[in-house]
Amino acid sequence: MEIDKVYEPQRFEPAWAQWWIDSGIFRAQPQNPGRRFSLVIPPPNVTGVLHMGHMLEHTEIDVTVRWHRMRGDNTLWLPGTDHAGIATQMVVERQLSAEGLNRRDMGREAFEERVWNWKYESGGTIKKQMIRLGASCDWSRERFTLDEGLSRAVRETFVRLYEKGLLYRGEYIINWCPDCHTALSDLEVVHEETQGSLWHIAYPVNGTSERLVVATTRPETMLGDTAVAIHPKDPRYTHLHGKTVRLPLMERDISIILDDMADPKFGTGVVKVTPAHDPNDFEAGRRHNLPIIQVIDQSAKMTPAAGPYAGLDRFEARKKVVAALQEAGLLVKIEAHNLSIGKCQRSRTVVEPLVSKQWFVKTKPLAEPAIRVVEDGRIQFIPDNWSKTYFEWMYNIRDWCISRQLWWGHRIPAWYCSQCSEVTVARETPQECAHCGCGALTQDPDVLDTWFSSGLWPFSTLGWPDQTEDLQAYYPTTLLITGFDILFFWVARMVMLGIECMGDVPFRQVYIHGLVRDADKQKMSKTKGNVVDPLEVTEKYGTDAVRLSLLLGAAPGTDIVLTEERMESARAFANKMWNASRLIFMNMERSGVGAWLPPASESWRPEALPDSLAVPLEDRWISSRLNQCTEQVNRAIEQYRYHEAAQTLWHFFWHEFCDWYLEIKKLRFEEGSGLNEHWRNLLTVYETFLRLLHPVMPFLTEELWQRLAKGIEDRPISIAIAPYPQFKAEASDDVAEHEMSVLQAIITTARELRSDVKADPKQTLDGVLVARQAVSELVRGQLSALEKLSRMKLELRFSAGDPVEGVTRSEAEFDLIARVSPEQADAQRGRLEKEIEQLEKVIANSSRQLGDEKFLSRAPAHVVDGIRLKLADYEAQLSKNREALSQ
RNA sequence: GGGCGCGUAGCUCAGUUGGUUAGAGCGCCUGCUUCACACGCAGGAGGUCACAGGUUCGAGUCCUGUCGCGCCCACCA
């Protein structure tokens, strides 16, 4: 059989496997309990995978499940959100394939350049310019969206919310990005701590000689001031209430208002009020019916209302304003001041609060039931503390600005009548105004926030608003796995919209995994350049190895550190898997064992050898261990403790199956008796383990399983649809586990002994094994295995007998004596002394506890008994060691 | 300002309801190319679990405080 000595994933992982590191184990489960945790990997005929945006754009490799389904065109489709980036990439990928190219061959940079060019050519920039010129735009933007079904769902939702009065269009102050030329939701604004200044400006009070000094971080906005505010109880200023001040530079009289917004302890206690350019001031303006004067426009240039400063950039205007104030002697002082300024998440431009007409969702009525379902436990967060974060946000939620002035996205299904100015909201393009009946309708040029449509994902992907079979079967789904970075953006909105549109929660549990971070624990980001490219590392280490290292790091509540070292060690495990399999396959060939699979539905209880009717100890042992492993893995997966599952699998295979079981089986094959039964037992365990490991390493296990099962008819087409191993109480074998642990102890002791006396590795040592009565049968039966694995020629005794020259090591069940020269024996003393020291320590510890009345009376019996037993062990061993040392 | 979390071996981290000599991977040291695997095998060193109190028969684990670090949210001009 030709199998490479070193694991080379490229040889058997299909090209699309590289896209596949983040699913399989993590999936939403259909409600049908019979199909719980059926593992899915794509059948062999799948030729391409379109992946979620986070892989391509953000390159945060989150270990995420996404419910997916097959499309008729042989493409595995992971329905994601409708980010324009994905849509664009999909279009470009199609173009490439028409040209006989693919993105992997052309490399990441070339591909991204091409994506960018296409975006550019297709109108992104043109649209921007058109907006700047004030032209209307009639682009059919929906051509960029992924799915007509989703567009329908979006329109349906919009209309429903509108009809229920949960949507409104209003003039409010919103976050505006002057570079992207669009409104942003609060969440899309990132705050950055910046060193700024606090300018103190004097406003002369009319009719007095007094001046009110205001403190501001944005002096240029003073051009749009329509009031100054003082605290109603601030004794310094209350006498000025009712008077007006003269707004410097603009020479406009504005009123003095009383408002809580002015904090007497901050600055001078006087606040300038610019309703057009500050959210706080906007609210204050509403309260006091102040006029709104917009002095900065959508491109962050000063408007004609700014008088002499019109046309200037806002930062330029700031300098000029400050200079003019200085000249007028109205600039009292400038203080250094740290403030956090809002920047656009996408373009990093400083956000300008602007008053404009936008669509908003009333979120309070949506948030209330969304809070309740988490309180009631109908949705459960894992780890649970995320629900606190969720509540925190939900309780303080503010209305959600959903209109965007971007060139892609779902267009808002609202039309404005040029006759009566009323709004018509409709699922399909209306022919006439719903209010006056005229036909002069213009559709709202804006599109919806991408998270609006993303929030519909749990049911829009299932065919909603149609009542499809999918919807019946899969909504609500059981589990969502995601990163906390989109808890508010996405998860919270799915919950709100799911309850609103479907009347039920979209999922029962939300598993929040950590973010993947680099070796320095930094969040991966393109700008930092610390991105681990999944394509590169899967190419280098293999998909399964990358996946395994992600899983090993995926402890709940912690971030996942992805380093080359971890991936190397995961690859080493894959290689171990590969080579152990090689050993098995080569020996199968040698023994003339053909393809073979155990009956999948049956227990893996090992079979007896015909000659003795005895079941080989190693088979009973490994079966019991595998059963334990199965239980632990199943439980770990159920509890989302993936790192534990992966580690358990690792330990079982490497340190039990390979280190002990295969080593013993190799000896059996040398002996050459009862081969069929040995094979049957070995392959049963091996095959079961492949199935157990499959969700963690889908490709490797599929490959090995297919080789094992080659030529067998009437079997599952893939390991993926073979049943997942389950714990079987009757498969536990405590006797075998104990007996095996004795054998392991003897062999380990022998190896330590060899090492201590610096025995030549090639030399077989002579020795005596004194076994206690309880294990006499065992060691007699397993003598040849003991001798080979310990490289000792052992004389078996069941009582001390004649004294033996050499070094002695003792355990509860046996003494092991190696015949060595006195010089070699001396080398052993160090270990004995150290062991004695340790034993004395733990004995003192245990004795102290057992002598403590309070401990005896209050500790549970099993703890006390456990310590008693241990103490007896320690003492026995201590005396043996002292004896050995005194020889 | 509010909220969440972290500090355990040189490094990266596990440690489930408090209980018997605190674990893993990587790295390090010694020996070994033994015909599955040097991406390996065998053996080994290395931790007063950030610090200080408290609860308890018993604390890495629970409570309080201190120090150090990280993240999220927030309209202090």
Side-chain angles (χ1 to χ4, degrees), chain A residues 3 5-7 173 186-187 191 198 214-218 221 229 261-263 265-268 270-274 278-283 337 339-340 353 385-386 388-389 391-393 396 398 484-485 487-488 515 519 521 523 541 545 549 552-553 555 557-559 561 563 565-566 568-587 635-636 639 641 643-644 647 650-651 658-659 662-663 666 748 751-752 754-756 758 760-762 791 838-839 841-842 845-846 849 852-860 862-871 874:
Chain A
I3 307 181
K5 197 168 171 180
V6 172
Y7 157 72
I173 191 148
D186 294 339
L187 282 179
H191 294 270
L198 201 54
V214 302
T216 180
T217 51
R218 300 197 55 197
T221 61
M261 75 181 288
D263 176 2
K265 289 194 281 293
F266 185 90
T268 58
V270 186
V271 193
K272 61 193 266 319
V273 183
T274 323
D278 183 281
N280 252 335
D281 297 5
F282 179 80
E283 294 297 325
H337 181 69
L339 73 163
S340 73
N385 47 312
W386 284 108
K388 280 189 188 170
T389 311
F391 287 138
E392 194 66 25
W393 189 71
N396 299 314
R398 304 200 311 166
F484 60 81
D485 50 335
L487 186 63
F488 305 136
L515 239 49
K521 298 210 272 183
K523 190 170 164 177
Y541 301 104
S549 69
L552 283 166
T558 63
D559 284 340
V561 178
T563 62
E565 278 127 38
R566 277 164 181 252
E568 269 172 30
S569 99
R571 182 187 58 183
F573 179 79
N575 195 46
K576 188 72 181 175
M577 240 352 259
W578 188 248
N579 278 299
S581 306
R582 236 178 108 211
L583 170 75
I584 292 170
F585 292 143
M586 286 166 78
N587 275 294
R635 197 177 46 214
Q639 297 173 352
R641 305 177 62 81
H643 68 299
E644 211 170 271
Q647 206 175 24
W650 177 305
H651 183 265
C658 290
D659 287 356
L662 282 186
E663 289 305 318
K666 281 200 283 193
T748 306
R751 286 169 176 170
E752 285 168 7
R754 293 182 60 98
S755 168
D756 287 345
K758 306 225 181 323
D760 181 343
K762 293 186 190 69
R791 285 185 177 270
Q838 273 180 350
L839 283 167
K841 213 166 80 185
V842 292
N845 216 354
S846 304
Q849 282 194 71
D852 186 340
E853 280 304 318
K854 281 184 182 167
F855 172 72
L856 293 176
S857 60
R858 297 194 197 183
H862 72 274
V863 173
V864 178
D865 291 346
I867 291 181
R868 284 216 174 92
L869 285 173
K870 280 280 174 190
L871 181 60
Y874 298 151

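Hydrogens, waters and symmetry mates play no part in the numbers below; they use all other heavy atoms, side chains included. In the text below, chain A, chain B and the rest are named by the order of the sequence lines, each starting its count at 1.
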May I ask you to say whether A:Arg571 pairs ionically with A:Glu568, meaning some side-chain N is under 4.0 Å from a carboxylate O?
-> no
Starting at [atom1] of [X], measure out to [atom2] of [Y] and round the result to the nearest 0.5 Å.
{"X": "A:His651", "Y": "A:Asp659", "atom1": "NE2", "atom2": "CG", "answer": "8.5 Å"}
{"X": "A:Asp281", "Y": "A:Met261", "atom1": "CG", "atom2": "CE", "answer": "4.5 Å"}
{"X": "A:Asn579", "Y": "A:Ile584", "atom1": "CG", "atom2": "CD1", "answer": "11.0 Å"}
{"X": "A:Tyr541", "Y": "A:Arg566", "atom1": "OH", "atom2": "CZ", "answer": "13.5 Å"}
{"X": "A:Asp186", "Y": "A:Arg398", "atom1": "CG", "atom2": "CZ", "answer": "4.5 Å"}

Tell me: [atom1] of [X] to [atom2] of [N], nearest whole Å?
{"X": "A:Trp393", "N": "B:rC73", "atom1": "CH2", "atom2": "C1'", "value": "11 Å"}
{"X": "A:His643", "N": "B:rG23", "atom1": "NE2", "atom2": "C1'", "value": "12 Å"}
{"X": "A:Trp386", "N": "B:rC71", "atom1": "CH2", "atom2": "P", "value": "13 Å"}
{"X": "A:Lys841", "N": "B:rG47", "atom1": "NZ", "atom2": "P", "value": "10 Å"}
{"X": "A:His191", "N": "B:rC72", "atom1": "NE2", "atom2": "P", "value": "12 Å"}
{"X": "A:Leu583", "N": "B:rC35", "atom1": "CG", "atom2": "C1'", "value": "11 Å"}
{"X": "A:Glu283", "N": "B:rA77", "atom1": "CD", "atom2": "C1'", "value": "15 Å"}
{"X": "A:Phe266", "N": "B:rG1", "atom1": "CZ", "atom2": "C1'", "value": "13 Å"}

So what does [X] hit on the nucleic acid, given a heavy-atom distance under 4.0 Å: a base, only sugar-phosphate, or nothing?
{"X": "A:Pro353", "value": "nothing"}
{"X": "A:Asp263", "value": "base"}
{"X": "A:Arg218", "value": "nothing"}
{"X": "A:His337", "value": "sugar-phosphate"}
{"X": "A:Thr748", "value": "sugar-phosphate"}
{"X": "A:Tyr874", "value": "base"}

For [N] versus [M], give the span between their [atom1] atoms, rounded off to a whole number of Å.
{"N": "B:rU21", "M": "B:rG25", "atom1": "P", "answer": "23 Å"}
{"N": "B:rA14", "M": "B:rG23", "atom1": "C1'", "answer": "7 Å"}
{"N": "B:rG2", "M": "B:rU12", "atom1": "C1'", "answer": "32 Å"}
{"N": "B:rG70", "M": "B:rC13", "atom1": "P", "answer": "14 Å"}
{"N": "B:rU8", "M": "B:rG3", "atom1": "C1'", "answer": "26 Å"}
{"N": "B:rU20", "M": "B:rA59", "atom1": "C1'", "answer": "15 Å"}
{"N": "B:rA42", "M": "B:rU33", "atom1": "P", "answer": "16 Å"}
{"N": "B:rC29", "M": "B:rG15", "atom1": "C1'", "answer": "27 Å"}

May I ask you to verify if any side-chain N or O of [X] is less than 4.0 angstrom from the OP1 or OP2 atom of [N]?
{"X": "A:Lys272", "N": "B:rA77", "answer": "no"}
{"X": "A:Arg398", "N": "B:rC75", "answer": "yes"}
{"X": "A:Lys666", "N": "B:rC37", "answer": "no"}
{"X": "A:Arg791", "N": "B:rU34", "answer": "no"}

Between A:Arg582 and A:Met577, is there a donor-acceptor pair closer than 3.5 Å when you use the side chain of the first and the backbone of the second?
-> no
Earlier contact from the 5' end, RNA chain B, for A:Glu752 and A:Gln647 | A:Gln647
So which one's nearest nucleotide on RNA chain B is more toward 5', A:Asp186 or A:Thr216?
->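 Checking each residue's closest nucleotide, the 5'-ward one belongs to A:Asp186.
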CA sep, side-chain torsions, deciding dist, call: A:Asp278, A:Thr221, side-chain contact (heavy atoms from CB on, under 4.5 Å) = CA-CA 9 Å; A:Asp278 183 281; A:Thr221 61; over 6 Å; no
With the side chain of [X] defined as its heavy atoms from C-beta on, choose the nearest nucleotide among [options].
{"X": "A:Ala580", "options": "B:rA36, B:rG19, B:rC26", "value": "B:rA36"}
{"X": "A:Met586", "options": "B:rA36, B:rU16, B:rU21", "value": "B:rA36"}
{"X": "A:Glu663", "options": "B:rG19, B:rC37, B:rG5", "value": "B:rC37"}
{"X": "A:Pro761", "options": "B:rA77, B:rG31, B:rU20", "value": "B:rG31"}
{"X": "A:Gln849", "options": "B:rG5, B:rA77, B:rG19", "value": "B:rG19"}
{"X": "A:Arg751", "options": "B:rU21, B:rG43, B:rA36", "value": "B:rG43"}
{"X": "A:Asp659", "options": "B:rC41, B:rA36, B:rC75", "value": "B:rC41"}
{"X": "A:Leu662", "options": "B:rA36, B:rU21, B:rG19", "value": "B:rA36"}

Could you give me the CA-CA distance, side-chain angles and deciding distance for A:Val6 and A:Trp578, then say whether side-chain contact (heavy atoms from CB on, under 4.5 Å) is met?
-> CA-CA 8 Å; A:Val6 172; A:Trp578 188 248; over 6 Å; no
For A:Lys5 and A:Asn575, work out which heavy atoms get closest and say how close.
->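 A:Lys5 and A:Asn575 have their closest heavy atoms at O-OD1, 3.9 Å.
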Can you tell me which stems involve RNA chain B, if a stem is defined as three or more consecutive Watson-Crick or G-U wobble pairs, both distances under 3.5 Å?
->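 As far as RNA chain B goes, consecutive pairing (with distances under 3.5 Å) yields the stems B:1-7 with B:67-73, B:10-13 with B:23-26, B:28-32 with B:40-44, B:50-54 with B:62-66.
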Write down the protein N/O and nucleotide N/O pairs, taken from nucleotides 38-40 of chain B, whose separation is under 3.5 Å; answer none if there are no such pairs.
from   : atom 1 : to       : atom 2 : distance (Å)
B:rC39 : O2'    : A:Asn575 : ND2    : 2.8
B:rC39 : O2     : A:Arg571 : O      : 3.4
B:rG40 : O3'    : A:Lys576 : NZ     : 3.3

So A:Ser846 and A:Lys870, side-chain contact (heavy atoms from CB on, under 4.5 Å) or not? Walk me through it.
-> CA-CA 8 Å; A:Ser846 304; A:Lys870 280 280 174 190; 5.5 Å; no
Evaluate side-chain contact (heavy atoms from CB on, under 4.5 Å) for A:Phe855 paired with A:Ile867, printing each intermediate quantity in order.
-> CA-CA 11 Å; A:Phe855 172 72; A:Ile867 291 181; 3.7 Å; yes
Measure up the A:Trp650 and A:Phe573 rings against each other and bin them: parallel (under 30°), tilted (30 to 60°), perpendicular (over 60°).
-> parallel
